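Because the structure is predicted, anything quoted here is derived from the model rather than measured. Starting from 1, each residue takes its place in the sequence as its number.
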Amino acid sequence: MVRQRITARPTTNLRPDFPSAFTEWYFLALLAVVLSVYTARSSLVGRHPAVDVLLLGGEWLFLVEANVWIFYYCLLRGFLETRYTIFHPAEYLLTLPVVLTIIALLGALISGRHISALLVDAVGNPERGDPVGIGVAIASLFYFGVAITVVLSSHPGIETRLPQNLIIIGAGDVTINRTLPALLSLGYDRDDIVVATVEQTSESDRAAIARRAARLVVASPDTVLQTSLRDRSPTIIASPTYAHFRQLVTLSGAGVRFAVEKPITWSRAERDILRAEPGLMSNGFALSYYTLEKALPLTYLMNPLPAYRGFLTSEPGSLLDSIELATVRERLGRLESVDVELLEGRSRSPVGDSRLWTELPGTLRPFVETTVHPLLVIRHVVGPGEPTWTGCSIGRYTPRADEIRAATGQEIAPTWIVAEGVTRDIRLRFSVGKYVPDSLATRRAVFAFARGTIACDFDARSATITTDGGLHGTITIDENAAGGRYRKNYAVLMSMFIDFSLNGWGPVRFDDFQRQLDALDWWDTLCDRVDEAGVPLRPYDEAPPQDDRLSPLRDT
């Protein structure tokens, strides 16, 4: 039970961790029992032969166990296990005196001697011709050597655990409703998570952080990273996008491993720097909720990295094998069209000042907070060639626009877009909307090939493949894996980041850093084309425009 519970937490050890506190409690409990038996020995021995045999057998059993612990953990473990860490350098230093005390009491019980007489033997003064006393003196020399070894190795020298505390920069909607619940489902608790945010954070958000069981640090924008820089713990950047670049550069320069929420940055100039200096993200993980979780089955089909496979299951089971994947790709044939829909119902759209920074200023560009998802999904499938955008329609939800205008005097960004384009004769279309009726909300994608389709249901986190008119198979997130931890949204994405924070990239990156930069460039180009063409903004009160009246975009 203990080992099963501990495996809910990530670890650098090759076998499940067993916290040192559990061992210490065990030996303390054993010390109390042995001390009680030693104190009451005179009233227990001689009452019944069976009791005498039972006591003697138990004494020998625990004596052997205590010596095995000393032999293995204090002397032999470093030779037999090629890679291990302990929780603290003083771990064995604190436990060894307790174990030696237990051994001394058990030795006194088995030999029938008073503890004071046994201690005289142990310091090297046994009576001449006393084999028991001589044996105790020899054993004490061994224990003295072990004690010296433990002291030397504890000061310091044994590799201690990598820090497993996590720091989150930002206390917004993503942190409260996605990141923290996912981390809690993965085994983290209040003492493991610090949320650092600026002084302007609302009282309601601060209370929500407390309910989600995380420690809160409130600081000025200039000092919000100090906890990360001081503790050097893995850090998740979940602040407003305009702050991402400065924060990731600071953490990268300090050698702190971090994750950064999408989009990495709004600025093309900052993206150019990231491309020119990829080392800025060598310690950074580009988070992408769709391609690395909701659309992970599709991502694996296109990029079958081993880092993804452990989160997935398929029907038939062979569908995840490299040979079968190659067969599927060949049978599907040439990709002909892509259609992605990401329509958020009103119940999931921003209210009040929640996520207001994603809707200001009132231009099309801030809508990238949502449109980056379908663009990144498309980028995974069609490759790096930038599309030519041919048509677009944009709209704005009137009730939300009126609400924010009355509260701030500002216009919000559009809340609806349909765009069409083409790349290498592949037809592209994506639809993104907020504040649509909940009955119309959908998150899906269909990829049409010459001889089949891939249909993605982002809510079900599945990809269904048909070839030659028949069902070929389905890939989904394995919600039964890891004790059901991946049933919680964001848990897969957080698991990937935790793996990176502990072990680094290994032979290949498995985030979406470069692809996200491409997708963000595509969005900038589309926004430029919309501005050049003067695409009209169409208000809507209920359902967004459902017709195909797309404004043509000039090809520059």
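- Atom CG of Asp468 sits in a crowded spot, with more than 12 heavy atoms from other residues, nucleotides or ligands closer than 6.0 Å.
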Working for side-chain contact (heavy atoms from CB on, under 4.5 Å), residues Thr423 and Thr388:
CA-CA 6 Å; Thr423 181; Thr388 298; over 6 Å; no
Checking side chain to side chain donor-acceptor pair (under 3.5 Å) for the pair Ser267/Tyr242: CA distance, chi angles, key distance, verdict?
CA-CA 9 Å; Ser267 166; Tyr242 60 77; over 6 Å; no
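- With hydrogens and angles disregarded, no donor-acceptor distance shorter than 3.5 Å links the side chain of Thr474 to the backbone of Thr464.
- Atom CZ of Arg246 sits about 10.5 Å away from atom CD of Glu270, to the nearest 0.5 Å.
- Thr175 places a side-chain N or O within donor-acceptor distance of the main-chain N or O of Gly170, the cut-off being under 3.5 Å.
- Within the structure, ring-ring contact (aromatic ring centres under 6.0 Å, His included) contacts touching residues 457-484 (residues at least two apart or in different chains) are Tyr290-Phe458.
- Looking at heavy atoms from C-beta onward, Leu320 lies out of side-chain contact with Leu325 at the 4.5 angstrom threshold.
- Gly284 and Asp511 make their closest contact through O-OD2, 3.9 Å (heavy atoms, listed as atom of the first residue, atom of the second, distance).
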Report the C-alpha distance between Ser431 and Leu342 in whole Å, list the side-chain angles of each, state the deciding distance to 0.1 Å, and finish with yes or no for side-chain contact (heavy atoms from CB on, under 4.5 Å).
CA-CA 6 Å; Ser431 307; Leu342 180 53; over 6 Å; no
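- At a threshold of 4.5 Å between non-hydrogen side-chain atoms, the residues Leu166 and Leu183 count as touching.
- Between Pro539 and Thr398 the shortest heavy-atom distance is CB-OG1, 3.5 Å.
- Between Trp505 and Phe285, the distance from one ring center to the other falls under 6.0 angstrom.
- A donor and an acceptor atom, one from each side chain of Arg400 and Tyr435, are located under 3.5 Å apart.
- Side chains of Leu274 and Phe513 form a contact here, defined as non-hydrogen atoms less than 4.5 Å apart.
- In the model, Thr241 has a side-chain atom that pairs as donor or acceptor with a side-chain atom of Glu369 under 3.5 Å.
- A donor-acceptor contact closer than 3.5 angstrom links the side chains of Ser393 and Arg538.
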Test Asp478 against Arg485 for salt bridge (Lys or Arg N to Asp or Glu O under 4.0 Å), laying out the working first.
CA-CA 10 Å; Asp478 189 355; Arg485 286 183 289 162; over 6 Å; no
Could you walk me through whether Asn165 and Val194 satisfy the side-chain contact (heavy atoms from CB on, under 4.5 Å) test, starting with their C-alpha distance in whole Å, then the side-chain angles of each, then the deciding distance to 0.1 Å, before giving a yes or no?
CA-CA 8 Å; Asn165 288 345; Val194 176; over 6 Å; no
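- Sorted by first then second residue, the side-chain hydrogen bond (donor to acceptor under 3.5 Å, both in side chains) pairs that include residues 454-463, not counting sequence neighbours, are Glu293-Arg461, Arg443-Asp459, Arg461-Glu479.
- Here the two rings, on Phe311 and Tyr486, have centers that are under 6.0 Å apart.
- Here the shortest heavy-atom pairing between Leu360 and Ile412 reads CD2-CA, 4.2 Å.
- Qualifying salt bridge (charged side-chain N to carboxylate O under 4.0 Å, His left out) partners for Lys434, counting only residues two or more places apart in sequence or in other chains: none.
- Within a 6.0 Å radius of CD in Glu336, other residues, nucleotides and ligands contribute more than 12 heavy atoms.
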For residues 489-500, dump all side-chain donor-acceptor pairs below 3.5 Å to protein atoms at least two apart in sequence or in another chain.
from: Tyr490; atom 1: OH; to: Glu261; atom 2: OE1; distance (Å): 3.1
from: Tyr490; atom 1: OH; to: Glu261; atom 2: OE2; distance (Å): 2.5
from: Ser495; atom 1: OG; to: Ala491; atom 2: O; distance (Å): 2.8
from: Asp499; atom 1: OD1; to: Asn503; atom 2: ND2; distance (Å): 3.0

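- Applying the salt bridge (charged side-chain N to carboxylate O under 4.0 Å, His left out) test to residues at least two apart or on different chains, the pairs with a partner in residues 414-423 are Glu420-Arg429.
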Given Phe510 and Tyr308, is the ring pair (Phe, Tyr, Trp, His ring centres under 6.0 Å) satisfied, shown in steps?
CA-CA 8 Å; Phe510 47 87; Tyr308 304 148; 7.1 Å; no
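- Under the 4.5 Å side-chain criterion, counting only non-hydrogen atoms from C-beta, Arg275 is in contact with Asp272.
- Side-chain contact between Leu287 and Lys262 is absent, with no heavy atoms from C-beta onward closer than 4.5 Å.
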Start with the C-alpha gap between Asp524 and Arg365, add the side-chain angles, then the distance that decides, and say whether salt bridge (Lys or Arg N to Asp or Glu O under 4.0 Å) holds.
CA-CA 7 Å; Asp524 273 358; Arg365 294 185 191 276; 3.2 Å; yes
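- Summarising the local packing, CD of Glu277 is surrounded by 12 or fewer heavy atoms from other residues, nucleotides or ligands at distances under 6.0 Å.
- Counting heavy atoms from C-beta outward, Leu180 and Tyr188 have side chains that stay 4.5 Å or more apart.
- Sorted by first and then second residue, the salt bridge (charged side-chain N to carboxylate O under 4.0 Å, His left out) pairs with a member in residues 374-392 read Arg379-Asp518; sequence neighbours excluded.
- In this structure, His244 contributes its side chain and Ile264 its backbone to a donor-acceptor pair below 3.5 Å.
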Does the pair Phe258 and Ile236 meet the rule for a side-chain contact (heavy atoms from CB on, under 4.5 Å), with working shown?
CA-CA 6 Å; Phe258 63 91; Ile236 299 171; over 6 Å; no
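- Taking each heavy atom of Ser228 and Thr235 in turn, the nearest pair found is OG-OG1, 2.8 Å.
- With no hydrogens or angles considered, no side-chain donor-acceptor pair links Gln516 and Ser288 at under 3.5 Å.
- Partner of Val328 under the side-chain contact (heavy atoms from CB on, under 4.5 Å) criterion, chosen from Glu330, Glu324, Arg331: Glu324.
- With no hydrogens or angles considered, no side-chain donor-acceptor pair links Asn283 and Ser252 at under 3.5 Å.
- For the pair Ser314 and Ile475, the tightest heavy-atom approach, listed with the atom from each and the gap, is CB-CG1, 4.0 Å.
- Residues Met302 and Ile454 meet the side-chain proximity criterion, which asks for heavy atoms closer than 4.5 Å.
- Across every non-hydrogen atom of Arg346 and Asp541, the tightest pair is NH2-O, 3.7 Å.
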Candidate pair Trp522 and Phe430, rule ring pair (Phe, Tyr, Trp, His ring centres under 6.0 Å), full reasoning
CA-CA 13 Å; Trp522 294 2; Phe430 73 87; 9.8 Å; no
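- One finds a salt bridge joining Arg268 and Asp521 here, because a Lys/Arg side-chain nitrogen approaches an Asp/Glu carboxylate oxygen to under 4.0 Å.
- Between the SG atom in Cys527 and the CD1 atom in Ile394 there is a gap of 9.0 Å [rounded to 0.5 Å].
- Contact check for Leu332 versus Ile465: side-chain heavy atoms found under the 4.5 Å cut-off.
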